[in-house]
There are 2 protein chains.
Amino acid sequence: MTNPLTDRQRQVLDLIERHIRTTGVPPTRAEIADALGFRSANAAEDHLRALARRGAIELTRGRSRGIRLIALAGASADGASTRAGLDSAALDLPAIGRVAAGSPILAAEHVEDRYPIGPDLFHPRADYLLRVRGSSMRDAGILDGDLLAVHAAQTAENGQIVVARLNDEVTVKRLRRHARWVYRVELVAENPDFAPIVVDLRQQELTIEGIAVGVLRLGLAGPQQL
Amino acid sequence: MTNPLTDRQRQVLDLIERHIRTTGVPPTRAEIADALGFRSANAAEDHLRALARRGAIELTRGRSRGIRLIALAGASADGASTRAGLDSAALDLPAIGRVAAGSPILAAEHVEDRYPIGPDLFHPRADYLLRVRGSSMRDAGILDGDLLAVHAAQTAENGQIVVARLNDEVTVKRLRRHARWVYRVELVAENPDFAPIVVDLRQQELTIEGIAVGVLRLGLAGPQQL
DNA sequence: CCGATGACTGGATAAAAATACAGTGATGAC
DNA sequence: GTCATCACTGTATTTTTATCCAGTCATCGG
């Protein structure tokens, strides 16, 4: 018995599961709409009704966040198998420095070091640490030289801080997306000195490399100044 | 060393767990009040605050049903007590939440959790993680809720970020001291909204508890906003 | 071409929830 | 005796949240 779910419904279902795992509570209609870029919470409502009709979830009328997952039979589609060569049972994480153009982030020559940090400290799990260059995310508390804990993923939700590759350059920004924008996304800095980067997907290729799940700053010791 | 929870608090905690198990979502304040017979939802609110202070749950401000169970230490306190005190050879660090007035920072009841991070990652070595409250060090990239890696020390140098105790309150600030000042030091916030605290050592006792050696931020995952 | 279905926008509204404020007793420490 | 903490009552007020209504556009089977 395969799933009669549509792709979009599958995405909504995955989002619900992810939301419960990361926040402890199911999402509201508005949160679903925001995460998937809908401009109306009613779109989320429609999806929930459809999922309930198909038996994937159970809704409790009138109760806020009254969404319950039923029998998680199928494996989720979202990039579960992509962690190539990463030991999930490891107690440490590789730190990635400057990434050369054209090569994958996790290529061995990019690994500067390994740090004794449990990957499962973060939710979702961190796959590597990326050394941040520049101050474009300053107001999000991510400073030059910080190590960003990254969960490797090919997709991200509106509002998340992502590691993206644009024109073969790797950058860290907040992702902005709307349902109305078909060929457009924005990479927004968290610092008024930097303008948002508007990406036209018909002209430029944008690859999501992962989502930020934490920050680690070492070397706070010395009496250095900003 | 049993739970620092009172009987009533334990009952509330059990109820929350039961509610999640049976309905799939955490309870609201009104539902807690109703289940335990309170006539005011505010009674539930008070209990939740107390449980959060003790690290049994985590509350998300403004989010309906934003209650999360932390580290299910087990219903009853079994013989195997948790590692209290200072294991130097450990691979993890204790995280300290709110520090009660008059008691030492590393007292067992302040330990919210332990995180798998090698103490030697930091220089000098970190002895514990302190959960930062407030935004007074915002411009140093230390945000509300961050975990500050702290090296226990009784002295610090000018310009270092320190964990200090003043009037029995623990605070994180940058230390300012000049050779010319004999009885004076300043604790400077890294945020223009906070004025520097000028300390006259003849009148107030200032204790250095440690110096900041790093920052760790978890929970960067969800699409939450600042 | 028609009607059903999926995937939405936009606006409105009532109910549900969080949370602030002001109190009351009781208990135990100092 | 005073103070802090716990365990509440009661009243507001503001946000959140669920949910309804009225449409639009595209696709697909018949």
Side-chain angles (χ1 to χ4, degrees), chain A residues 3-16 19 23-54 56-68 158 177-182, chain B residues 3-13 15-16 19 23-54 56-68 98-103 109 167-169 222-225:
Chain A
N3 272 325
L5 296 185
T6 66
D7 287 356
R8 209 58 170 141
Q9 285 165 5
R10 174 101 247 154
Q11 283 175 38
V12 174
L13 189 58
D14 286 346
L15 170 71
I16 295 168
H19 196 279
T23 72
V25 287
T28 63
R29 274 68 168 166
E31 283 164 351
I32 294 173
D34 188 57
L36 294 177
F38 309 157
R39 315 191 72 179
S40 168
N42 196 40
E45 177 78 16
D46 286 353
H47 281 303
L48 292 177
R49 299 280 175 105
L51 285 169
R53 232 183 346 227
R54 287 165 163 79
I57 61 173
E58 195 180 293
L59 293 174
T60 306
R61 267 199 61 103
R63 160 174 283 162
S64 73
R65 302 176 190 276
I67 304 171
R68 190 160 207 193
N158 181 37
R177 193 164 51 182
H178 290 297
R180 164 170 295 185
W181 301 346
V182 181
Chain B
N3 285 321
L5 297 184
T6 66
D7 287 356
R8 208 61 170 139
Q9 286 164 5
R10 178 100 247 156
Q11 282 174 39
V12 175
L13 189 58
L15 170 70
I16 294 169
H19 196 278
T23 72
V25 287
T28 64
R29 274 68 169 164
E31 284 165 350
I32 294 172
D34 189 55
L36 295 177
F38 310 155
R39 317 191 71 180
S40 167
N42 198 41
E45 175 80 15
D46 287 352
H47 280 303
L48 291 177
R49 299 277 175 105
L51 286 169
R53 232 179 300 132
R54 287 166 163 78
I57 62 172
E58 194 180 293
L59 294 175
T60 306
R61 266 198 61 106
R63 160 175 282 162
S64 72
R65 304 178 189 275
I67 303 171
R68 188 163 206 188
R98 190 179 285 253
V99 177
S103 63
E109 65 264 33
N167 301 328
D168 240 310
E169 244 193 298
Q224 71 278 64
Q225 225 41 246

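Throughout, protein chains are lettered first and strands after them, A, B, ... in sequence-line order, and every chain is numbered starting at 1. Every heavy atom of this structure was used, including side-chain atoms; hydrogens, water molecules and symmetry mates were not.
- Taking CD1 of A:Ile67 as the start and CG of A:Leu51 as the end, the distance is 9.0 Å to the nearest 0.5 Å.
- For B:Arg63 and C:dA18, the CZ to P distance is 12 Å, given to the nearest whole Å.
- The two atoms that bring B:Ser40 and B:Ala33 nearest to each other are O-CB, 3.8 Å, heavy atoms only.
- Going from atom CD1 of B:Ile32 over to atom C1' of C:dT19 covers 14 Å, rounded to whole Å.
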Between the protein and nucleotides 5-7 of chain C, list every N/O to N/O distance that falls short of 3.5 Å.
| unit_1 | atom_1 | unit_2 | atom_2 | d |
| --- | --- | --- | --- | --- |
| C:dG6 | OP1 | A:Arg54 | NH2 | 2.9 |
| C:dA7 | OP1 | A:Thr6 | OG1 | 3.0 |
| C:dA7 | OP2 | A:Gln9 | NE2 | 3.4 |

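- Listed candidates were C:dA20, D:dA18, C:dA18. Nearest to the side chain of A:Arg65 is D:dA18.
- Within 4.0 Å of A:Ala43, counting heavy atoms only, lies at least one base atom of the nucleic acid.
- In the displayed structure, B:Arg8 atom CZ is contacted under 6.0 Å by more than 12 heavy atoms of other residues, nucleotides or ligands.
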Output a table of nitrogen or oxygen pairs between the protein and nucleotides 26-30 of chain D separated by less than 3.5 Å.
none

- Message: The test is side-chain contact (heavy atoms from CB on, under 4.5 Å); show your working for B:Ile32 and B:Leu48 and say whether it passes.
- Response: CA-CA 10 Å; B:Ile32 294 172; B:Leu48 291 177; 4.0 Å; yes

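- Qualifying side-chain contact (heavy atoms from CB on, under 4.5 Å) partners for A:Ala52, counting only residues two or more places apart in sequence or in other chains: A:Ile57, A:Leu59.
- One interatomic measurement links the two molecules: CG of A:Asp34 to P of D:dT17, which rounds to 12 Å at whole-angstrom precision.
- The phosphate of C:dA17 (OP1 or OP2) has no side-chain N or O of B:Arg29 nearer than 4.0 angstrom.
- Residues meeting the side-chain contact (heavy atoms from CB on, under 4.5 Å) test with B:Glu31, sequence neighbours left out: A:Arg63, B:His19, B:Pro27, B:Thr28, B:Arg65.
- Rounded to whole Å, the distance from CD on B:Glu45 to C1' on D:dT13 is 14 Å.
- With rounding to the nearest 0.5 Å, the separation of CD in B:Glu58 from OG1 in A:Thr23 is 10.0 Å.
- Considering only side-chain atoms of A:Arg61, the nucleotide from C:dT19, D:dT19, C:dT9 that sits closest is D:dT19.
- Residues forming a salt bridge (Lys or Arg N to Asp or Glu O under 4.0 Å) with B:Arg68 (at least two apart in sequence, or on another chain): none.
- Between B:His47 atom NE2 and B:Asn42 atom CG the span is 10.5 Å, to the nearest 0.5 Å.
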Give every pair of a protein N or O atom and an N or O atom of nucleotides 10-13 of chain C that lie under 3.5 Å apart, one pair per line with the distance.
| unit_1 | atom_1 | unit_2 | atom_2 | d |
| --- | --- | --- | --- | --- |
| C:dG10 | OP1 | A:Arg180 | NH2 | 2.5 |
| C:dG10 | N7 | A:Ser40 | OG | 3.1 |
| C:dG10 | O6 | A:Asn42 | ND2 | 3.4 |

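- Distance, A:Glu31 CD to D:dT19 C1': 17 Å, rounded to whole Å.
- Atom pair A:Arg49:CZ and C:dC8:P shows a separation of 17 Å (rounding to whole Å applied).
- Nearest heavy atom pair, residue A:Ala44 against residue A:Phe38, reads N-CD1, 3.9 Å.
- Phosphate proximity of C:dA17 to A:Ser64: present, with a side-chain N or O under 4.0 Å from OP1 or OP2.
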